[in-house]
Enquirer: 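Supplied in structure tokens, the structure appears directly below.
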Amino acid sequence: MMRLVWTFLFALAGGAAFAGSPEDDYIAARDKAISDIAAQESSNAPVEALDAANTKAQADLEKRLGAILGPLAVKDFPASGTINLESLSASDIGFGMLDGLRYAKSDEGPSIVATTRGLAARWLQSRAGAGEEDESLRLPAGLDEALKLDAFYTQAIGADAAFVKTLDFSLKKPEGADIAIARLGGWTQDVGPIYDQLVVVAVVKGDRVLIAEAPAAPPVPKIAACEALWTAADATAQKFQETYQGSDLKDQQAYDSANAAWEKGDGDYRACMGERLPGDPAFPALLAEAQQLADNMAGKLRQDCSSAELPNGSHDLSLRNSGRKTATHFPGIALSLRWRACCAGCCAARSAARLQR
């Protein structure tokens with residue numbers, strides 16, 4: 001009997017190894033949807049048809065991601081999320097964002113985007129090297145390096161604005177986390193101060209990648225010395241801009257000088273904030289907000305194979321909270337699809353031992 005059980009378990013594990021993974025299936029479905037919508041656009045399909053195709057495909061992909069990620073278990077965030085991809089049309093704003101789910105109770109409040117290491121790696125690969133034509137948007141293939149760059153957040157979780165960092169927080173890495181990075185910054189479409197700033201925290205633990213953003217609490221204060229740097233730079237740039245406009249938009253040097261003054265002023269302002277804000281009375285609360293987010297995110301993300309326990313007397317080997325069971329049955333045993341992917345490792349030994357009891 002036990003030999004038959006072992007044969008069955010490892011046959012399942014071998015089959016899972018050769019079958020396409022849920023992530024492979026998701027990527028294939030996503031790419032097909034993008035291709036189908038592009039074909040409809042090329043044939044001048046009505047906007048209503050394009051919108052309907054986009055909505056239908058997003059719903060399918062959202063369901064697939066939900067099955068991959070399982071319910072979120074982070075304090076103050078909902079268990080279920082919505083797809084992070086805002087559009088599957090390359091001509092739309094919000095196309096090409098990070099494959100994952102966004103969890104939030106409201107549009108204005110804190111949110112978390114969750115994905116897997118595998119999906120994040122594929123996404124980064126598409127934006128590394130020649131995969132991204134715009135050099136300013138190219139990202140490193142390594143997740144740990146990418147999470148330190150403004151361009152990552154701009155492309156991964158932003159749609160119509162750029163993320164610009166004010167400073168990096170020095171976090172105490174939560175227990176069990178592989179990576180924990182926290183930044184203060186904001187979304188902008190222009191240079192200059194960003195007064196509605198956010199605390200952004202990225203935590204990588206096991207196979208999960210979580211990226212949270214929350215309004216800075218308390219709001220980031222204005223620092224007079226930093227404001228003065230920007231005000232002076234803006235005044236200089238405005239003079240060059242007036243010269244450019246007075247030339248009937250032909251004085252390219254004045255135009256370039258105006259932009260250079262704004263860019264330098266923006267950089268000087270942020271450098272000033274990064275240097276002086278840690279000494280402001282508001283800073284400890286901002287740091288505490290970032291640390292609390294990281295600690296909560298590094299808590300129990302989703303139960304995995306190694307921690308699955310069976311109730312006494314039960315022969316159901318499906319993971320609790322998996323929400324999905326296979327129709328394939330061995331006498332007295334029901335195996336979940338997720339559990340089967342783990343069978344070749346410790347789970348097979350643990351389950352076989354339980355069957356002997």
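Note that these values count all heavy atoms, side chains included, but never hydrogens, waters or copies made by symmetry.
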Enquirer: Nearest 0.5 Å, what's the CD-CD1 distance between Q58 and I83?
Expert: 5.5 Å
Enquirer: Going by atom types alone, do Q292 and N296 pair a side-chain donor with an acceptor below 3.5 Å?
Expert: yes
Enquirer: With a 3.5 Å cut-off and sequence neighbours excluded, list the donor-acceptor pairs that the side chains of residues 226-236 form with protein atoms.
Expert:
unit_1 : atom_1 : unit_2 : atom_2 : d
E227   : OE1    : Y195   : OH     : 2.7
E227   : OE2    : Y195   : OH     : 3.1
T231   : OG1    : E227   : O      : 2.9
D234   : OD1    : W262   : NE1    : 2.8
T236   : OG1    : A232   : O      : 3.2

Enquirer: Do Y153 and W187 make the cut of ring centroids closer than 6.0 angstrom?
Expert: no
Enquirer: Would R183 and D150 pass as an ion pair if we require N to O under 4.0 Å?
Expert: yes
Enquirer: Is it true that S89 and S87 share a donor-acceptor pair across their side chains at a distance under 3.5 Å?
Expert: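 No pair is found: no donor N or O on one side chain lies under 3.5 Å from an acceptor on the other.
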Enquirer: Give me each pair satisfying salt bridge (charged side-chain N to carboxylate O under 4.0 Å, His left out) with a member in residues 259-274, each pair once, sequence neighbours excluded.
Expert: K264-D268, D266-R270
Enquirer: Within the side chain of K205, is there an N or O that forms a donor-acceptor pair under 3.5 Å with the backbone of A180?
Expert: no
Enquirer: Assess whether a salt bridge exists between R117 and D178, defined as any Lys/Arg side-chain N lying under 4.0 Å from an Asp/Glu carboxylate O.
Expert: yes
Enquirer: Looking at F163, is its backbone amide N or carbonyl O close enough to the side chain of T154 to form a donor-acceptor pair, meaning the two atoms are under 3.5 Å apart?
Expert: yes
Enquirer: Any side-chain heavy-atom pair from L119 and L65 closer than 4.5 angstrom?
Expert: yes
Enquirer: Answer yes or no: is there a donor N or O on one side and an acceptor on the other, between the side chain of S35 and the main chain of D31, under 3.5 Å?
Expert: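 Checking the backbone N and O of D31 against the side chain of S35, no donor-acceptor pair under 3.5 Å is found.
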Enquirer: Ignoring hydrogens and geometry, is there a side-chain-to-backbone donor-acceptor pair from E62 to L101 under 3.5 Å?
Expert: no
Enquirer: Quick one: do R102 and E86 make a salt bridge, cutoff under 4.0 Å?
Expert: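 E86 and R102: not salt-bridged.
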Enquirer: With the threshold set at 4.0 Å, does a side-chain nitrogen-carboxylate oxygen contact exist between R64 and D60?
Expert: yes
